[in-house]
Participant: 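Could you have a look at this structure, given as structure tokens, before my questions?
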Amino acid sequence: MLVTLTVEDLRQVLQEEIRSEVQAALRDLAPREELPHFLTVEEAKVLLRVSHSKMYELMGRSDFPVCREFGTKIYTDKLFKWIEDNTPALQKRKRSLSVI
């Protein structure tokens, strides 16, 4: 089946897709605004839904956003960035959107 679109039709489809993705991203960001700037190890563990041992394994990684200046805390913003950078499904989605 061959579908023919005018430039205007294609533009409208792309705008709808972009609008939908932006709205989804904004919904994902809303709860982040309610989080503190730093998370305790327990808060991060609950947020990530990982076990105690997995949390400490993650914190042992050199690229994990942990701060040990005033106790062990996790940078909230950097944690979400780290998740995006280290999740293959999110990376694949970003690459496919960049093609558009």
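We number each residue from 1, following the sequence as shown. Only a predicted model underlies this, so the values are computations on that prediction, with no experimental measurement involved.
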Participant: If you measure from the Lys or Arg side-chain nitrogens to the Asp or Glu carboxylate oxygens, is any gap between D77 and K81 under 4.0 Å?
Facilitator: no
Participant: Side chains of T40 and K73: does their closest heavy-atom pair fall under 4.5 Å?
Facilitator: yes
Participant: Would you list the pairs meeting salt bridge (Lys or Arg N to Asp or Glu O under 4.0 Å) in which at least one residue belongs to residues 52-65, sequence neighbours left out?
Facilitator: K54-E57, R61-D63
Participant: Less than 4.5 Å apart, any side-chain heavy atom of W82 and any of K78?
Facilitator: no
Participant: Considering only heavy atoms from C-beta outward, does the side chain of L79 approach that of I83 to under 4.5 Å?
Facilitator: yes
Participant: Verify the cluster assignment for V46 and V50: are they in a single hydrophobic cluster under the rule of side-chain heavy atoms below 4.5 Å apart?
Facilitator: no
Participant: Enter the distance from I74:CD1 to L39:CG here, rounded to the nearest 0.5 Å.
Facilitator: 6.5 Å
Participant: Quick one: do L5 and L14 end up in the same hydrophobic cluster if we chain Ile, Leu, Val, Met, Phe, Trp and Tyr together by side-chain heavy atoms under 4.5 Å apart?
Facilitator: yes
Participant: What residues form a side chain to side chain donor-acceptor pair (under 3.5 Å) with E42, not counting sequence neighbours?
Facilitator: K45
Participant: If I take atom CZ from residue F64 and atom CG from residue N86, how far apart are they, to the nearest 0.5 angstrom?
Facilitator: 9.5 Å
Participant: Linking directly or through intermediates, with side-chain heavy atoms under 4.5 Å: list the remaining ILVMFWY members grouped with F38, chain and number order.
Facilitator: F70, Y75
Participant: Between L47 and F80, is there a side-chain heavy-atom distance shorter than 4.5 Å?
Facilitator: yes
Participant: Does E16 have any salt bridge (charged side-chain N to carboxylate O under 4.0 Å, His left out) partners at least two apart in sequence or in another chain, and if so, which?
Facilitator: none
Participant: Can you name the residues that form a side chain to side chain donor-acceptor pair (under 3.5 Å) with E8, not counting sequence neighbours?
Facilitator: R11
Participant: Name all residues meeting the ring-ring contact (aromatic ring centres under 6.0 Å, His included) criterion together with H37; count only those two or more places apart in sequence or in a different chain, and write none if there are none.
Facilitator: none
Participant: Quick one: closest heavy-atom pair of M59 and V66, and the distance?
Facilitator: O-CG1, 4.0 Å
